Amino acid sequence: MYEMLFKQDAVKFSMNDFNLSSGINAEYGGILISHQVVVLAMTQQAAVLQNCNNELVKFIEIVHRKRDVLQKDITAEEVEKSQLQNDIGILSERLVKVEESLAKKIATRTEYDKTISETESTFEKLLASSQSLLEVLKRGASTT
């Protein structure tokens with residue numbers, strides 16, 4: 001909307017309000033307006049549009065910069081994610097190997113415990129038999 005002063009009365013109009021069929025002059029509500037006034041109004045409208053365009057271009061540039069920063073963050077996190085997944089794979093394989101080794105060592109320890117228990121039991125029986133034999137031999141030697 002534009003404002004024009006006619007005899008101290010403000011008149012608001014848009015370019016669609018004009019009847020431009022008369023050539024150089026335009027008619028607005030029965031008032032004949034010169035070509036210069038119409039050109040001035042169009043020039044003002046073009047300046048407003050240019051300002052809007054400039055603002056839109058600035059806004060688009062800002063959004064592009066924000067998107068570029070976000071894309072760099074996304075790329076960095078994707079690289080980190082890939083590295084973490086690789087590390088998890090390596091650690092998972094290592095965990096499987098450690099679990100297998102641990103299971104073998106526990107089984108071997110169980111066998112050692114069984115062997116120790118059997119050996120101690122047999123040794124105690126052998127020791128008891130040796131003491132009994134020694135006592136028999138001492139009695140036999142004292143009676144002779």
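Since the model is a prediction, treat every value here as computed from it, not as a measurement.
- Each side chain to side chain donor-acceptor pair (under 3.5 Å) pair with one or both residues in residues 80-109, not counting sequence neighbours, would appear here, but there are none.
- Listed by first then second residue, pairs satisfying side chain to side chain donor-acceptor pair (under 3.5 Å) with a partner in residues 48-70 read Q50-N54, not counting sequence neighbours.
- In the hydrophobic clustering, where aliphatic and aromatic side chains (Ile, Leu, Val, Met, Phe, Trp, Tyr) are joined below 4.5 Å either directly or transitively, L137 groups with L133.
- Members clustered with L102: I106, by chain and number, using a 4.5 Å side-chain heavy-atom cutoff among hydrophobic residues.
- Taking Ile, Leu, Val, Met, Phe, Trp and Tyr as hydrophobic and joining them when side-chain heavy atoms fall under 4.5 Å apart, one finds F59 in a cluster with V63.
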Can you list, pair by pair, the side-chain donor-acceptor contacts under 3.5 Å of residues 123-130, counting residues two or more places apart and other chains?
from : atom 1 : to   : atom 2 : distance (Å)
S129 : OG     : K125 : O      : 3.1
S130 : OG     : L126 : O      : 3.0

Distance-only donor-acceptor pairs under 3.5 Å for side chains of residues 69-77, two or more places apart:
from : atom 1 : to  : atom 2 : distance (Å)
Q71  : NE2    : T75 : OG1    : 3.2
T75  : OG1    : Q71 : O      : 2.9

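- Applying the under-4.5 Å side-chain rule to Ile, Leu, Val, Met, Phe, Trp and Tyr, the cluster around Y112 consists of that residue alone.
- Within the 3.5 Å criterion, the main-chain N or O of S117 finds no donor-acceptor partner in the side chain of S121.
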